[in-house]
Each structure stands twice: as structure tokens, then as C-alpha cells.
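Order of listing sets the numbers, starting from 1, for every ligand and every atom in it. One-based numbering along the sequence shown. Computed from a predicted structure; not experimentally measured.
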Amino acid sequence: MIVVMRPTATSEDVQGVKRTIEENGLEAFLSVGDERTVIGVVGSDLERVSNLGTLPGVDQVIRVSSPYKLASIQEPGERTRVRIGSVEIGLGSELVVMAGPCAIESREQLMETAHCVRREGARILRGGAYKPRTSPYSFQGLGVEALKLLAEARETTGMPVISEVMDTSDVEAFDEHVDLLQVGARNMQNFALLRAVGQSRHPVLLKRGLSSTIEEWLLAAEYILAAGNPNVILCERGIRTFETATRNTLDLSAVPVLRQKTHLPIVIDPSHGTGARALVGPMALAGAAVGADGLLIEVHPDPPTALSDGDQSLSFDEFGGLMDELRRLQFVRGAADNRTPIPERPEVTGSIDDLRDRIDDLDTRLADLLQERGALALEVQQHRDPHVHGHDVRRERDLLERAAHGAAGPMTPVELTMVFDAVLRASRSVQRRHGQAEVRRESATAANDR
Ligand code: PEP
Ligand code: MN
């Protein structure tokens, strides 16, 4: 934290600030300039001096470190993977599509939708049981009856299920019937609810509030993490702006912004983000392209008759078309694809010298293998147009996914992913260098020919 004093601040003012900092067990470092004095504050509990701005002579207080300790990344590229039943989301796992009706209206409507979205490749079934409606006269949801139907749909389809919890007193019932608890946009700052879901044994999907900044959103996530639940997923669902052409303004830049700040998985909800069926597909693809870990999409057997959010719900055909497009662009795989099995952990025994020799041997082989990989990457580059150095996204995705699943050894998925990230970057650098040299050679030949 940095305290900037006013140009008119007296030395008593400066000393007063310094004293307050030290009395709170923190350290103060003064930097006296010609015009102003600046004071650096260092220590683990900066909250203790959160009101330094009110002291005489203080102009501004600037926070340097993030106020959300658990949600923030500790090292570049750090990512968390959250498990929802049999499905994993985040850290290089495949884009997870969650789909289903806005509100559960009947057993028939839910089961029909569940079978459709499963067939089309969705991994998680959504369905609202308690609906936060703007008008008290609108359909409010079937409540616990709907939770039971969701649990039944999970039984028959094998898909984990997500539903929105609105009241702290319902968390127990949700824990019984649901695999992923949703905290809706309107409740993003319902702190009692955040603490309650923080005590749930299930992961939580936290939607961004209608008018919330990214910092407020991450602090809301911090409530859940601090209450003891490490499995939080963030969901961008559009924010209120002056624009009226869409229901909300879907802030896709939130994805790369969040990647710089947090390790938590990120989901895009293009249904609430746009409010219009025709816009859901394009914004879902854009969300996948910008690197979201998942999508949350409303689907209904007959959208015009839906009791809630019919305008933004996709029909079965429309959802199928979107899934085809996601598959064509290789954001999701075909149903027949199987995951690479987890490798066995090698047996490691011997004296310390033996072990070190084996490490040296491995390092030499690794260097040789990396050079061989570089040579192959170059060969691939030579078969391509030298003006482009595009790489095969699907294969990179597969590699990162294998890394994310190769957690049977002592290296964590984060560590393995860091290694493969570096390998891919180096490989692209080799190709780019070669591509540039080729383009230079071509233009020199062209100049000679003229
Ligand atoms: C929902 O997902 O059905 C919902 C009500 O979403 P939001 O909280 O984003 O409005
Ligand atoms: Mn809805």
C-alpha cells in the first residue's frame, strides 16, 4: 500500500501517518520528494490501516496487492481445476457445456431436455428450481419438487446437475440433490448466502452481479473460499449498461482480465448475457474463442411456451446446431473420443548417487527429445505457407489436456501444464524464426529478379 501525502502536508501530518502505521504493527517507508512525501506501507494485515485516507494531510491511498488473497493467482498461468461429479472444468480440460431449461416446469419438460442436451454433448444439466423473478407475479419455480426431478434426471442420464440456490436455509436440500450450486447475479453480494455455500461440500458457480465490478465479483468469490470451499467457478452473464439492444452487455473481456487475476475457472452465459435466441450462438462461440472454460446455455423443448426466459432459450435444433459448430471448431470433442489413460507412476529406488545419475540421464534425453521435437515442428512449418505460422490448436489442446490428466506422478497438473506451455511457446518461436527467414529470402529473391 502506498500513501501519497498532499503537497501542503506538514511534517506533523507525515509523522502522524507513520505513527498510525507502526502502531498497527506495520512498517512505514518514507520517500521525501521536492513536492510531496510518499509513504510505503508493508505488512501482512493491511486491512488494519484501511482508513489512512482520513488522516490529515493524506491525498490518496493506493493498494498495490489484491484484496482477495485466496482468489488471486500466486504465479503467472496458475489455474484451478474444479470437479463436478464426473466432470472437470478449468486448467486445460475440454470446454464444458452446461445446458437445460431456465426453469424446471415438469418432469416431462426436464427429462426431454436432459436427453436432448446429453445427446448433443452437454456435460452438465442445468435447471432452475427457485427462480429470482423481477415480478412477484411471474413463475417462481417448483422449489424442492424440482430439485428432486433434477436428481432423478441425473440418475437417468448420468449427468451432474446445477441449480440456483437463493436462500441460506435451502443449502442443505441443494447439497442433497444437486452437484453444483449456483449463486445468481442478484445474490452475488448476499454475504450470508456466500458464507453458507462456502460451507457446502459441493462446488459453487458464482455469477457476476448485474452492476458489479470484477473486483467486487472476486471479493464475493473470496467469501466462499474463505468459508472453506475451494471449488468456485466464476460465471460472466452480462452487466447493465446504457445499451438497450441486448438484455445485458456480455463482458467477454472479463475472461482475459480474470485470467490475469485469478486461478478460478470461468464460464460464459450467453443466454442471460444477450437475452435473445439469435445472439446466443454467436456469443457462445465468442466465449469459447476468448478462452472460457465452460458455457451455460438455456434450452427448452418449445421456447415460445417457456414459463421463464423463453426469448433467450434455444430449441433442441438450435442447441444441436451450436454444439455441431463447437465441435467443428474443436472446442468440444465428438462423443466417441476417449480420454488418454493416466500413466502409471514409475518405481523409483536406489542410492542418492544412482538417483542423480538417472536424473542427469533423463535431462540429456529430454534435451535430445526437445531438439527432435523442434526439428519436427520446423519440418511442419516447411510444409506450410511461410507467411503464416499458424499452429494446430486441437493438438495443443490435446497436449495440455494430457498434461492436466497426467497427475499420477508427483508433478501437479499445474506444474505439468507449465512445462508443456513452455514447450509449445519454444516450438512456435522456432517456427516463427524460420518463417521470417523464409519471407526475407523470398523478398530478397524478388528484389534480385527486378
Ligand atoms: C439463471 O441462470 O437462471 C439466472 C437467473 O441467472 P442470473 O442470475 O444470471 O440472472
Ligand atoms: Mn434464465
*Would you check, one step at a time, whether the test side chain to side chain donor-acceptor pair (under 3.5 Å) holds for D175 with H202?*
CA-CA 7 Å; D175 261 342; H202 287 115; 2.7 Å; yes

*With side chain to side chain donor-acceptor pair (under 3.5 Å) as the test, would you mind laying out the steps for S106 and Q109 before giving the verdict?*
CA-CA 5 Å; S106 66; Q109 172 242 23; 4.8 Å; no

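The backbone N or O of P301 lies less than 3.5 Å from no partner atom in the side chain of E112, so there is not a single donor-acceptor pair. Panel note: side chain E94, backbone R333; a donor-acceptor pair is recorded below 3.5 Å. Side-chain N or O atoms of N190 include one that pairs as donor or acceptor with a backbone N or O of L193 at under 3.5 Å. Counting only distance, with no hydrogens or angles, the side chain of S50 and the backbone of E47 share a donor-acceptor pair below 3.5 Å. Between the E120 side chain and the C116 main chain, no donor and acceptor come within less than 3.5 Å of each other. Q140 contributes a side-chain N or O that, together with a main-chain N or O of S138, makes up a donor-acceptor pair within less than 3.5 Å.
Atom CD of E108 has 12 or fewer neighbouring heavy atoms from other residues, nucleotides or ligands inside a 6.0 Å radius.
Annotation for ligand 1: atoms under 4.0 Å from non-hydrogen atoms of R126 are 1 (C), 2 (O), 3 (O). With ligand atoms numbered from 1 in the order given, ligand 1 contributes 8 (O) to contacts under 4.0 Å with heavy atoms of G184.
Distances from atom 6 (O) of ligand 1 to the heavy atoms of E298, K207, Q312 put K207 nearest. Looking at M166, E236, H272, it is H272 that brings a heavy atom closest to atom 4 (C) of ligand 1.
Counting protein heavy atoms only, atom 5 (C) of ligand 1 is closest to E164 OE1, 3.5 Å. In terms of protein heavy-atom proximity, atom 9 (O) of ligand 1 is closest to R237 NE, 2.6 Å. Among all protein heavy atoms, the one lying closest to atom 8 (O) of ligand 1 is A185 N, 2.7 Å.
Taking only nitrogen or oxygen atoms, main chain and side chain alike, K131 reaches within less than 3.5 Å of ligand 1. Between R186 and ligand 1, an N or O atom pair is found at a separation short of 3.5 Å.
Annotation: protein N, O or S atoms under 2.8 Å of the Mn ion (ligand 2) (waters excluded) comprise C102 SG, H272 NE2, E298 OE2, D309 OD2.
Ligand 1 lies nowhere less than 4.0 angstrom from a heavy atom belonging to R208.
There is a side-chain donor-acceptor pair under 3.5 Å between H272 and E298.
The pair R36-D59 meets the salt-bridge criterion, with a side-chain N (NZ, NE, NH1 or NH2) lying under 4.0 Å from an Asp/Glu carboxylate O.
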